[in-house]
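These notes are about the structure you will find just below.
As a basis for the values below, the full set of heavy atoms in this structure was taken, side chains included, without hydrogen atoms, waters or symmetry mates. Sequential numbering from 1 along the given sequence is applied to the chain's residues. This structure is a prediction, so every number in the text was calculated from the model and none was measured.
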Amino acid sequence: MPKIEVNEKLFFNLLDKKYDYDTLEQKLTYAKAELDEKPDMSKPENERVIKIELNDTNRPDLWSTNGVARQLKLHEGGKTVDYNTFMSRKGDIKDFGNRIVNVDAELKDIRPYMVAFVISGKPIDDPMLKDIIQTQEKLAWNFGRKRKSISMGVYRIADISFPVKYHAVDPDKTSFVPLQCTEPMTCRQILTEHPKGKDFGWILQDKKKFPLLSDAKNEVLSMAPIINSATLGAVQVGDKGLMVELTGDNMENLILSANIVACDFADCGYKIEPICVKHPYETGFGKDIVVPFYYQPSTKAKLSRINKLLGTDFTQEKVIDALTRMGSTVTAQKDGDDVEFTLFPAPYRNDFLHEVDIIEDVMIGVGLENFEPETPSDFTIGRLLPITYLSRKAKTLMVGLGYQEMIFNYVGSKKDYIDNMLIDPKHVIEIANPMSENYQFVRSDILSSLLRAESKSANAIFPHKIFEIGKVAYLCEEENTGTRTRQNLGFLTAANNANFNDAASEVSALLYFLDHTYEVTESDDPRFIPGRQAAVLANGKKIGIFGEIHPQVLENWSITVPCVGGEIDLEEMAQH
């Protein structure tokens, strides 16, 4: 989970009050956080650092000193800045004057999107500068997948001449002086010689052209997402006006990140001025993007559902008060004997996907300490589900057939779950805000996990026979949630003589002892060799597949021996 370091003096100034650390530890639960380490009290107050650990990753607005302070202040009934004064909305774009950034069409396939705004009004002091750098790194590292999806740069606005251009350049013919250096380096050199280039150069190393941010006088601001220039990009204590820009490949996340940073600065007393970034292509929010921008949709929840899930009898007023303490705007209207709430999230939040998210905020807003423990009134006897009995029986049979059980993660990369398996990605679930591209997709089959294990097992004595009984999930329009989760059995045999007939006999034995009649039919699954695969049917409905793994799939996994495998939907089988 993310951890942040906050300057004690800045933090308590933002709170407008000072807590002792026992009280602070209790209050931090309202921000889904906990006290990780108290400051060294032997140091002066303005040098003390409080370490805080966030217990959730779906609220990046809390990954800063001001984010946590704002949430605690709101929960205490305090007020924040009116963000509407600088927040553009659809059909109501704030005046951006001559502050324009033009985006080069060549960046569409390199690093396509950018947003930007200006802060001004008072000098940046040392604690605030350190917090800017921390916010920049936390958003780019955690939310931005190590700068791949989001990076942030900050520049001295007094020296920038508009219009600014975000353009693609030849990395071998373009040079500038990067931060921490005194001599010019080409963009290509920066990737191999500069410390930041070594850390983040992998993002651009395969690109023919690199993104560069320059002003109207051709002064370089930065080479996103790697490093700022040593001139316009060298922000110092005492600077009064800053330009903040964010680049990446997901416009919604960029706008959210810009809103978070802008609201943080506004709460600290800075003036926020928008910048218009003109894209030559569609971004999903139009071509001209002016941030900060409010785009969050409203979410609804009913009072009866809130009370049912929380086991409470809250009134309409209690719910509105709790949600307001969490920073949202709420309206309520009668719905028969019920009350329906419509929640409009704060501009720095986009984590309301379902009414349960509202209910969670009600619970936190009321305070977990206000929920009295209750002894259950119903007497129940625990028992295993039918699918659990079936899974355990199948597990025993697979071991009897000579297979070794494996256990795998349920999330992985596009390469593992899609590219290597030659499957159509349209039914594979992609995680909206992954922490890493290695954990970007939810697996839709078990075979990919088994093949990954086999790819690491070349030194083990053959044959290899492995299986797993576990969950898979995929997009499904028939479900209310749009996704379906299933308990599957997947198996794989790797051996020089592995063939379709062996797999067919093992499937036959398994289903016989599971007391299920079945039939097989031709299949055209790209994971298997055509003509050497079969679909398993029960009562005319497909419940599985098996066959010889396609040579291209084996090559993708660097597996050098023939493999046969299959997968059976145990939940579907249990229904027939």
Side-chain angles (χ1 to χ4, degrees), residues 88 90 93-119 136 139-140 143-145 147-157 159-171 173-176 178 187 190 200 203-204 206-229 231-233 242-262 272-293 295:
S88 294
K90 187 176 181 180
I93 302 302
K94 300 298 180 183
D95 181 25
F96 50 83
N98 71 333
R99 297 182 297 275
I100 294 174
V101 178
N102 294 309
V103 179
D104 186 350
E106 287 189 273
L107 288 170
K108 185 175 183 180
D109 298 320
I110 302 172
R111 194 170 183 84
Y113 306 131
M114 177 181 171
V115 297
F117 62 91
V118 170
I119 66 165
Q136 176 182 355
L139 283 174
F143 195 48
R145 296 194 301 168
R147 299 192 186 183
K148 186 177 188 299
S149 295
I150 297 172
S151 66
M152 174 176 153
V154 184
Y155 316 93
R156 297 203 304 270
I157 191 66
D159 299 327
I160 296 175
S161 298
F162 285 96
V164 170
K165 55 184 177 180
Y166 177 49
H167 55 125
V169 299
D170 186 326
K173 297 180 180 179
T174 307
S175 61
F176 66 97
C187 296
I190 290 173
F200 303 104
I203 302 172
L204 297 179
D206 296 328
K207 307 295 184 182
K208 293 182 178 179
K209 289 190 173 184
F210 290 0
L212 199 73
L213 196 62
S214 308
D215 74 351
K217 296 179 180 178
N218 290 322
E219 287 288 332
V220 175
L221 282 74
S222 71
M223 182 177 76
I226 310 300
I227 190 69
N228 281 12
S229 72
T231 53
L232 302 181
L242 301 177
M243 170 180 162
V244 180
E245 59 79 15
L246 299 102
T247 63
D249 57 13
N250 184 302
M251 182 55 78
E252 182 175 330
N253 290 345
L254 286 174
I255 295 176
L256 176 66
S257 299
N259 289 352
I260 290 171
V261 178
I272 308 300
E273 300 174 288
I275 292 177
C276 178
V277 181
K278 295 180 174 290
H279 296 78
Y281 38 77
E282 184 56 50
T283 69
F285 290 84
K287 294 182 178 181
D288 294 352
I289 306 297
V290 179
V291 299
F293 182 82
Y295 68 92

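- By the 4.5 Å heavy-atom criterion applied to side chains, Lys207 and Asp109 are not counted as neighbours.
- Two residues are said to be in side-chain contact when any heavy atoms from C-beta on lie closer than 4.5 Å; Phe176 and Glu219 fail this criterion.
- Residues Val244 and Met152 approach most closely at CG1-CE, 3.9 Å, considering heavy atoms.
- Between Met223 and Phe210 the shortest heavy-atom distance is SD-CD2, 3.8 Å.
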(message) Using side chain to side chain donor-acceptor pair (under 3.5 Å), reason through Tyr155 and Ser222 one step at a time and then give a plain yes or no.
(response) CA-CA 9 Å; Tyr155 316 93; Ser222 71; 2.7 Å; yes

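- Between Phe200 and Pro225, every side-chain heavy-atom pair lies at or beyond the 4.5 Å cut-off.
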(request) Please assess Lys173 against Cys187 for the test side chain to side chain contact (heavy atoms under 4.5 Å, CB included), listing each intermediate value before the final yes or no. (result) CA-CA 8 Å; Lys173 297 180 180 179; Cys187 296; over 6 Å; no

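- His167 contributes no side-chain N or O that, together with a main-chain N or O of Asn102, makes up a donor-acceptor pair within less than 3.5 Å.
- Side-chain contact check for Arg156 versus Thr231: every heavy-atom pair is 4.5 Å or farther apart.
- Of all heavy-atom pairs spanning Leu254 and Gly248, the tightest one is CD1-N, 3.6 Å.
- The side-chain heavy atoms of His279 and Ile289, taken from C-beta on, include a pair separated by under 4.5 Å.
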(request) Determine, step by step, whether Glu106 and Lys209 satisfy the salt bridge (Lys or Arg N to Asp or Glu O under 4.0 Å) criterion, reporting the C-alpha distance in whole Å, the side-chain angles of both residues, the deciding distance to 0.1 Å, and the verdict. (result) CA-CA 9 Å; Glu106 287 189 273; Lys209 289 190 173 184; 3.0 Å; yes

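- A donor-acceptor pair under 3.5 Å is formed between the side chain of Asp104 and the backbone N or O of Ala168.
- Side-chain contact between Pro280 and Val103 is present, with heavy atoms from C-beta onward closer than 4.5 Å.
- Looking only at distances, a side-chain donor or acceptor of Asn259 sits under 3.5 Å from a matching main-chain atom of Phe293.
- Judged by distance alone, with hydrogens and angles left aside, the side-chain atoms of Asn228 form a donor-acceptor pair with the main-chain N or O of Val154 at under 3.5 Å.
- Formation of a donor-acceptor pair under 3.5 Å by the Glu282 side chain with backbone atoms of Gly286 is found in this model.
- Note that CG of Leu221 is 6.0 Å distant from OG of Ser229, once rounded to the nearest 0.5 Å.
- Side-chain N or O atoms of Arg99 include one that pairs as donor or acceptor with a backbone N or O of Pro274 at under 3.5 Å.
- Of all the heavy atoms in Leu232 and Asp215, the pair that sits closest is CD1-OD2, 4.0 Å.
- Side-chain N or O atoms of Tyr166 include none that pairs as donor or acceptor with a backbone N or O of Ala224 at under 3.5 Å.
- A donor-acceptor pair is defined here as one N or O able to donate and one able to accept, closer than 3.5 Å; such a pair exists between the side chain of Ser88 and the backbone of Lys94.
- Ile100 contributes atom CD1, which lies 10.5 Å from atom CD1 of Ile275 (distance to the nearest 0.5 angstrom).
- Taking 4.5 Å as the limit, every side-chain heavy atom of Lys217 sits out of range of all side-chain heavy atoms of Ile160.
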(message) Would Asn250 and Ile150 count as a side chain to side chain contact (heavy atoms under 4.5 Å, CB included) here? Give the steps.
(response) CA-CA 8 Å; Asn250 184 302; Ile150 297 172; over 6 Å; no

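- Note that CG of Leu246 and CD of Gln136 are 8.5 Å apart. Values are rounded to the nearest 0.5 Å.
- For the pair Pro163 and Lys165, the minimum side-chain heavy-atom distance is 4.5 Å or more.
- The distance from atom CD1 of Ile157 to atom CD1 of Ile119, rounded to the nearest 0.5 Å, is 10.0 Å.
- Arg147 places no side-chain N or O within donor-acceptor distance of the main-chain N or O of Ala140, the cut-off being under 3.5 Å.
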(message) Walk me through whether Leu213 and Val164 qualify under side chain to side chain contact (heavy atoms under 4.5 Å, CB included).
(response) CA-CA 7 Å; Leu213 196 62; Val164 170; 3.7 Å; yes

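- The CG atom of Asp206 lies 12.5 Å from the CD1 atom of Ile110; values are rounded to the nearest 0.5 Å.
- No donor-acceptor pair under 3.5 Å is formed between the side chain of Ser149 and the backbone N or O of Arg145.
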(message) Pair Phe96, Phe162 - check side chain to side chain contact (heavy atoms under 4.5 Å, CB included), show working.
(response) CA-CA 12 Å; Phe96 50 83; Phe162 285 96; over 6 Å; no

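- Heavy-atom minimum distance, Lys148 versus Asp249: O-OD2, 4.0 Å.
- Here OG1 of Thr247 is found 7.5 Å from CE of Met114. Values are rounded to the nearest 0.5 Å.
- Minimum interatomic distance between Lys108 and Pro112 (heavy atoms only, all atoms of both residues): O-CB, 3.5 Å.
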